[in-house]
Number of protein chains: 2
Amino acid sequence: MRRDSRLSRMLHVLIHMDRHYKRATSDTISKMLGTNAVVVRRTMAGLRQQGYVRSEQGHGGGWELARGLDKITLLDIYRAIGEPPLFAIGPSVDQPDCLVEQAVDAKLDDALRAAETLLLERFRSVTVAEIAADFDRRLPGHQCNAHWEHPGPPEI
Amino acid sequence: MRRDSRLSRMLHVLIHMDRHYKRATSDTISKMLGTNAVVVRRTMAGLRQQGYVRSEQGHGGGWELARGLDKITLLDIYRAIGEPPLFAIGPSVDQPDCLVEQAVDAKLDDALRAAETLLLERFRSVTVAEIAADFDRRLPGHQCNAHWEHPGPPEI
DNA sequence: GCCATCTGTAACAAGATAGGTTACGTGTAT
DNA sequence: ATACACGTAACCTATCTTGTTACAGATGGC
């Protein structure tokens, strides 16, 4: 199974939007992520729906943050992209008739639920602003790549 | 992605082998799991390699436990099937150049590693025998399905 | 009004992986 | 010798994320 990278990508984008661009087009973002503008629009649609970003159509349009990064947690974004499955392992069938299988799945579910709780609790406790602060500590002044080197659209 | 059910299936089989059959063929096991004999052999090959089960070829052959269920943990079986990926989410690339992406992935990895540690520690602490005991509590005398109703190969 | 520039979305292709199937080789007991 | 059962390669299928193409709708500048 290919691992779902939407959460990682969206966090990446949000920080760039806050630090480098106040408004960016899907095309600009897609080049930064190494993907396609349609993928960007598709994934960010969930973030727009939950009110974390805004999008403007037409000439001069694009994406912008709708609230501060300190007001957005990893859990918020995880939910905004549709709460995709966290685990790659699990039981084979949902409601097995076999009592042995039920016992096995119950035990596995216990463990998985505990891990899921820990993970989501962690997601809830971390804001995107904290990750941005980590970035600042890594190397001030560094730019992501060439697509972000130029100053971007004039802010007037 | 379809969730990997090999761990669940192998635990299921081990308990049946201990409780109902002392030796079972791949074909019998496959009917019990609702799958194919080749899938059974493919998956159980790892368990044989690690010494948890034995297989005998030829007439009267099949699979049997190589040690007691109290000597096998969930972690043992997880490793025996090749330690498949636990999580369905993760970063998009392994070694990103972008420092923002590095900061994002580091934070996500922190959370994922914590959840993985918890999960594997849980796997390590649970023996297959404990799951079998849970099964006993559910409903004594229950059989998994018709394929296991008849007495099985004569034990002499 | 007209046109370039954006987003929104549907539809479809690509790539990866677990699982299912067929085929055939090998070992073993009768 | 033969039937039985594992070992394994090869190939297909299903599913899901991602990538791509195509086109409709909205917006601002001329």
Side-chain angles (χ1 to χ4, degrees), chain A residues 1-10 13 21 23-31 33-49 53-64 66 81-93 152-154 156, chain B residues 1-10 12-13 17 21 23-31 33-49 53-64 66 78 81-94 152-154 156:
Chain A
M1 165 196 308
R2 188 188 289 164
R3 288 167 90 185
D4 187 334
S5 62
R6 283 176 288 180
L7 176 57
S8 166
R9 280 179 158 177
M10 289 301 97
V13 168
Y21 268 128
R23 183 175 288 180
T25 66
S26 303
D27 195 60
T28 304
I29 294 171
S30 74
K31 289 191 176 71
L33 292 179
T35 178
N36 187 286
V38 176
V39 174
V40 172
R41 287 196 279 268
R42 182 193 295 156
T43 311
M44 293 189 70
L47 277 66
R48 180 186 56 233
Q49 214 164 353
V53 297
R54 272 186 297 267
S55 63
E56 304 271 348
Q57 294 189 113
H59 198 111
W63 299 86
E64 62 184 351
I81 60 175
E83 307 191 48
L86 292 174
F87 296 102
I89 66 172
S92 44
V93 286
I156 309 299
Chain B
M1 172 187 319
R2 188 186 289 163
R3 288 166 91 188
D4 187 334
S5 63
R6 283 177 290 180
L7 175 58
S8 166
R9 280 178 157 177
M10 288 301 97
H12 186 182
V13 168
M17 281 171 60
Y21 270 127
R23 182 174 290 179
T25 67
S26 302
D27 195 61
T28 304
I29 294 171
S30 74
K31 289 190 175 74
L33 292 179
T35 178
N36 187 285
V38 176
V39 174
V40 171
R41 286 196 279 266
R42 184 193 295 158
T43 312
M44 293 188 71
L47 277 67
R48 180 186 55 234
Q49 214 165 352
V53 296
R54 272 187 297 268
S55 63
E56 304 273 346
Q57 293 188 113
H59 198 111
W63 298 86
E64 62 184 350
Y78 170 69
I81 61 175
E83 307 190 48
L86 291 173
F87 296 103
I89 66 172
S92 43
V93 286
D94 271 336
I156 310 297

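Residue numbering restarts at 1 for every chain, and letters A, B, ... go by the order of the sequence lines. FYI, side chains are in, hydrogens and waters are out, and symmetry mates aren't considered; it's all heavy atoms of this structure.
Nearest to the side chain of A:Val38, among D:dT21, D:dA3, C:dG20, sits D:dT21. Comparing D:dT21, C:dA18, C:dT7 by their nearest atom to the side chain of B:Asp4 picks out C:dA18. When distances run from any side-chain atom of B:Gln57 to the nucleotides C:dT5, D:dC6, C:dG19, the shortest one goes to D:dC6. Distance from the side chain of A:Asn36 is smallest for D:dG19 among the nucleotides C:dG19, D:dC4, D:dG19.
One atom, CD of B:Gln49, and another, C1' of D:dC6, lie 15 Å apart when rounded to the nearest Å. Nucleotide C:dC6 holds its P atom 10 Å from the NZ atom of A:Lys31, rounded to whole Å. One interatomic measurement links the two molecules: CG of A:Leu7 to P of D:dT18, which rounds to 11 Å at whole-angstrom precision. Taking atom CD of residue A:Glu83 and atom P of nucleotide D:dT17, one finds them 14 Å apart after rounding to whole Å. Here the P atom of nucleotide D:dA5 and the CD atom of B:Glu56 are 13 Å apart, to the nearest Å. Computed from coordinates, the B:Met10 CE to C:dA18 C1' distance equals 13 Å when rounded to whole Å. Rounded to whole angstrom, the span from the CE atom of A:Met44 across to the C1' atom of C:dT9 amounts to 17 Å. The CG-P distance, from B:Leu33 to C:dG20, rounds to 9 Å in whole Å.
Contacts of A:Arg48 with the nucleic acid, taken as non-hydrogen atoms under 4.0 Å apart, involve only primed sugar atoms and P, OP1 or OP2. Note on B:Arg54: nothing from the nucleic acid sits closer than 4.0 angstrom, heavy atoms only.
The side chain of B:Ser5 places an N or O atom within less than 4.0 Å of a non-bridging phosphate oxygen (OP1 or OP2) of C:dG19. Considering only side-chain N and O atoms, B:Ser55 lies nowhere under 4.0 angstrom from the phosphate OP1 or OP2 of D:dC6. Distances shown here put every side-chain N or O of B:Thr35 at or beyond 4.0 Å from the OP1 or OP2 atom of C:dG19. When the side-chain nitrogen and oxygen atoms of B:Arg6 are compared with OP1 and OP2 of C:dG19, one or more of them lie within a distance under 4.0 Å. Residue B:Arg23 has no polar side-chain atom (N or O) positioned under 4.0 Å from OP1 or OP2 of D:dC4. Contact between the side-chain N/O atoms of B:Ser26 and the OP1/OP2 oxygens of D:dA5 is not found at any separation under 4.0 Å. Between A:Arg41 and C:dT7, a side-chain N or O to OP1/OP2 separation shorter than 4.0 Å is present.
Residues A:Arg42 and A:Gly61 both approach DNA chain C. Their nearest nucleotides, taken by heavy-atom distance, put A:Gly61 toward the 5′ side. Comparing A:Ala37 and A:Gly60 against DNA chain D, the residue whose closest nucleotide sits nearer the 5' end is A:Ala37. Nearest-nucleotide positions on DNA chain C for B:Gly58 and A:Ala45 put A:Ala45 closer to the 5' end. Residue whose closest nucleotide on DNA chain D sits further toward the 5' end, between A:Val39 and A:His59: A:Val39.
At distances below 3.5 Å, at least one donor-acceptor pair connects side-chain atoms of B:Arg3 with backbone N or O atoms of A:Ile89.
Neither side chain, A:Ser8 nor A:Ser5, offers a donor N or O lying under 3.5 Å from an acceptor on the other. Between the side chains of B:Thr25 and B:Trp63, no donor-acceptor pair of N or O atoms lies under 3.5 Å.
Taking CE of B:Met44 as the start and OG of B:Ser26 as the end, the distance is 7.5 Å to the nearest 0.5 Å.
Of the candidates B:Thr43, B:Thr35, B:Ile81, B:Thr35 is the only one forming a side-chain contact (heavy atoms from CB on, under 4.5 Å) with B:Arg9.
The salt bridge (Lys or Arg N to Asp or Glu O under 4.0 Å) search around B:Glu83 returns none, not counting sequence neighbours.
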